[in-house]
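Data block below; observations after.
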Amino acid sequence: MSITTFRTEEIAIDTTIAPARGTEAGRDAAPLTAATAAPSITVPRELVHRTQLCEVLLTDWSRTDDSHFTVAGRWMLDHRMFTNIQGRHDPLIAAETFRQAAILLAHAEFNVPLEHHFLMWDLSVEVSPEGLYTGDDTTAVEIEMSCHDVTWRRGSASSIRYTAVFRRDGQIVATASGTCTCASPAVYRRLRGERLDTPVRPLPLVAPTAPQNVGRTSPMDVVLAPTDDPHSWILRADTRHPVLFDHEVDHIPGMVLLEAARQAMVAELGQNAFLQAMNSEFKRYVELDTPCFLEVDRIAAAEGLEAVRVTGRQGEDVVFAADVTAVRVPAV
């Protein structure tokens, strides 16, 4: 089962904002844009499942046809988590932008109610390091989103496959894809069972790996703790983190796992290894109250690239896996 579930019932929802528009099949929808829906420069944060407005990376969207949309985004220079890496934007900001765009379109174009949960089964992202250079101001990006294999249940989408192309000044700088299902509160309760009835007690925090060894500058942003094996780590989940745990959850969010995979890659390959691509698969919920161990193995890669496979385990179960490809890039 997927572990990237984004809970909306814990977000203060402004009931003056229509949660979704359009007909049963999403046709003839009147897009709810930033200009018409909210007095801010972003889309309403409820539509991307963020509680902090500063974490909203999208500014607008428009429909091309029933399955193709254009989403406008912005990548800030001073983001709390997606910081400058060797003069470039953090590649994982593309993954988070894609995640937000997928949720936005599900609500605004495919009639998915705000109280539904999103379960991401897989997420892949590939970037052009040259296209991620940072300028002197916020970077505007345009995301061409295609929606495939849409299934419907009672007038709203229950499953969607997304692919995305990111452009900056007309040039392709990243691509992404992923599949999600949308579960009603009743279905989610059946999936999670008694864990929703018992307060979640996260594991006590252990000392993090040295930030410089995993490509971070602050210990608070480190999601790995060392073990006796240099190729194995304990997942370190600080539920007080303002970005990775933007709102209360009953399991480890998917973006925490992607960050853990990236940090494990840096620990294995060295600090100048720049993430070029990540193909991840979410197999089960990663629980907050059970140790999760991450193992890293080197795998074959194309000429000029290096790659690792990161595998997450809780007990005997594989809960997460990601193949991460890196390239050596000079600072700009």
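Residues take their numbers from the sequence shown, with the count starting at 1. Computation of the quantities below employed the complete heavy-atom set of this structure, encompassing side-chain atoms and omitting hydrogens, waters and symmetry-equivalent molecules. None of the values given here were measured: they were computed from a predicted structure.
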Taken to the nearest 0.5 Å, the spacing of Arg309 CZ from Asp323 CG works out to 4.0 Å
Separation between CD1 (Ile103) and CG (Leu47), nearest 0.5 Å, reads 10.0 Å
Do the side chains of Asp137 and Arg74 get close enough for a salt bridge, i.e. N-O under 4.0 angstrom?
no
Paired with His49, the side chain to side chain donor-acceptor pair (under 3.5 Å) test is passed by just one of His107, Gln100, Arg99, His247, namely His107
In residues 293-304, what donor-acceptor pairs under 3.5 Å come from side-chain atoms, sequence neighbours left out?
residue: Glu295; atom: OE1; partner: Arg313; partner atom: NH1; Å: 2.7
residue: Arg298; atom: NE; partner: Glu268; partner atom: OE2; Å: 3.4
residue: Arg298; atom: NH2; partner: Glu268; partner atom: O; Å: 3.1

Do the side-chain N and O atoms of Glu55 and His79 include a donor-acceptor pair separated by under 3.5 angstrom?
yes
Arg192, CZ: over 12 other non-hydrogen atoms inside 6.0 angstrom: yes
*CZ (Arg328) with more than 12 external heavy atoms under 6.0 Å*: yes
When rounded to the nearest 0.5 Å, the distance separating SG of Cys182 from CH2 of Trp152 is 10.0 Å
TODO: Could you check Asp238 against His241 for side chain to side chain donor-acceptor pair (under 3.5 Å), going step by step and ending with a plain yes or no?
DONE: CA-CA 6 Å; Asp238 185 352; His241 196 284; over 6 Å; no
Worksheet item: So do Gln276 and Val324 actually touch side chain to side chain, heavy atoms under 4.5 Å?
Response: no
- Query: So, do Pro91 and Leu132 sit near enough that their side-chain heavy atoms are less than 4.5 Å apart?
  - Reply: yes
To the nearest 0.5 Å, atom CZ of Phe320 lies from atom CG of Asp317 at 15.5 Å
Value for OG1 (Thr181) from NE2 (His116), rounded to nearest 0.5 Å, stands at 11.5 Å
